[in-house]
Amino acid sequence: MEMEDQMESQKRRGTSRDDLISEQTGSLGCVGWFIVILSGMFTLLLFPITIWFCLKIVQEYERAVIFRLGRITDRKAKGPGIFFILPCTDSIVKVDLRTVSFDIPPQEILTKDSVTVSVDGVVYFRVSDPIASVANVSNADSSTRLLAQTTLRNVLGTKNLAELLSDREGIAHSMQSNLDEATDNWGIKVERVEIKDVKLPQQLQRAMAAEAEATREARAKVIAAEGEMNASRALKEASIVISESPSGLQLRYLQTLSTIAAEKNSTIIFPLPMDIISHFMKK
């Protein structure tokens, strides 16, 4: 269903653009053709001189839209290379087809959960239809820049802070789709949109840092408690094993003494079993 809607919208945009161009490429009329013929004759009479006004060259990355008496002469732009025009009746507008990038100025935006953030980005676009970029909009570059700012505000206004911080790629893709659809009638193709930086208020940054620190401390306490529980279980199992073999306890005493002696301590504490002390106390 969404694919069908997109195809229908593209057809409508293409039809409206073709209608606009077809209206501009209509007949010149009797007076217009008379002026064109007169200009051609004038060009032929002064051929050695007018040849320099008739020849035009556009670069590989440029296209030329020709207006003859104010009307677009062809549905396709001229270039690259060399072509001829009539010096008195024709005028040309050169259009650069290279990809252009610009920074979106930082925008103060109120998110869906009522948090004020400052967001900026970068947009990459190029001219895909030179005729539409000249005939349908007065300044395609400036219009695209202004539209990018409002689109950034509209898209981020529907997101909460968590989505803004975690789903930058999805937000950039949504902005690109909206911009590409809006600028299609202008002959502009938006190639890429990126979110550069999200600046939070200082108070909110401190609150988020305190929350993260509290979460880490709580996790550390849980891990320490789990370690104490595992250690107590191990000690319980060891006491059960030692209680089954009294000689094992003596061996443990000797092992402890050897460990202490290896460190060259001047004082050695030797633990005695309680049953031995109680025997002497009875006497």
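Taking the six-membered ring where the residue is Trp, the centroids of Tyr124 and Phe102 are separated by 6.0 Å or more.
The CD atom of Glu181 lies 12.5 Å from the CD atom of Gln176; values are rounded to the nearest 0.5 Å.
No side-chain donor-acceptor contact under 3.5 Å links Asp167 to the backbone of Glu163. Looking only at distances, no side-chain donor or acceptor of Asp120 sits under 3.5 Å from a matching main-chain atom of Pro105. Side chain of Ser143 to main chain of Ala140: no donor-acceptor pair is present (N/O by atom type, distance under 3.5 Å, no hydrogens or angles). Here the side chain of Arg68 pairs no donor or acceptor atom with the backbone of Ile85 at under 3.5 angstrom. Judged by distance alone, the side chain of Asn160 and the main-chain N or O of Lys112 form no donor-acceptor pair under 3.5 Å. Listed for the Ser174 side chain is no donor-acceptor partner under 3.5 Å among the backbone atoms of Gly170. Side chain of Ser133 to backbone of Pro130: a donor-acceptor contact under 3.5 angstrom is found. With Ser232 contributing its side chain and Met229 its backbone, the two residues share a donor-acceptor pair below 3.5 Å. A donor-acceptor distance shorter than 3.5 angstrom exists from the side chain of Ser177 to the backbone of His173, with no hydrogens or angles considered. A donor-acceptor distance shorter than 3.5 angstrom exists from the side chain of Glu62 to the backbone of Gln59, with no hydrogens or angles considered.
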### Query
Should Leu147 and Thr183 be marked as a side-chain contact (heavy atoms from CB on, under 4.5 Å) after you check the CA-CA gap, both sets of side-chain angles, and the distance that decides it?
CA-CA 9 Å; Leu147 183 61; Thr183 58; 3.7 Å; yes

### Message
Go through it in stages, so that I can follow the logic: the residues are Lys159 and Ile171, the test is side-chain contact (heavy atoms from CB on, under 4.5 Å), and I'd like the CA-CA distance, side-chain angles, deciding distance and then a yes or no.
### Response
CA-CA 9 Å; Lys159 306 292 183 180; Ile171 294 174; 4.2 Å; yes

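Side-chain contact check for Lys78 versus Val58: every heavy-atom pair is 4.5 Å or farther apart. For the pair Asp184 and Lys189, the minimum side-chain heavy-atom distance is 4.5 Å or more. Contact annotation: the side chain of Phe125 approaches that of Asp141 to within less than 4.5 Å [non-hydrogen atoms, C-beta and beyond]. Between Val123 and Val190, some side-chain heavy-atom pair lies under the 4.5 Å cut-off. Residues Phe67 and Ile92 form no side-chain contact, since every pair of their non-hydrogen atoms from C-beta on lies 4.5 Å or further apart. Using a 4.5 Å cut-off on side-chain heavy atoms (C-beta onward), Lys236 and Arg233 make no contact. At least one side-chain heavy atom of Val119 sits less than 4.5 Å from a side-chain heavy atom of Leu164. Using a 4.5 Å cut-off on side-chain heavy atoms (C-beta onward), Arg168 and Val198 make contact.
In this structure, Val93 is not a member of the same hydrophobic cluster as Phe83, with clusters built from ILVMFWY side-chain heavy atoms closer than 4.5 Å.
For the pair Arg98 and Tyr61, the cation-pi test (distance below 6.0 Å, angle within 45°) is passed.
A salt bridge links Asp103 with Lys196: the closest approach of a Lys/Arg side-chain nitrogen to an acidic carboxylate oxygen falls below 4.0 angstrom.
In summary, of the residues considered (Thr116, Val115, Leu152), a side chain to side chain contact (heavy atoms under 4.5 Å, CB included) with Ile109 occurs for Leu152 alone.
In summary, the side chains of Thr99 and Glu191 do present a donor paired with an acceptor at a separation below 3.5 Å, with no hydrogens or angles considered.
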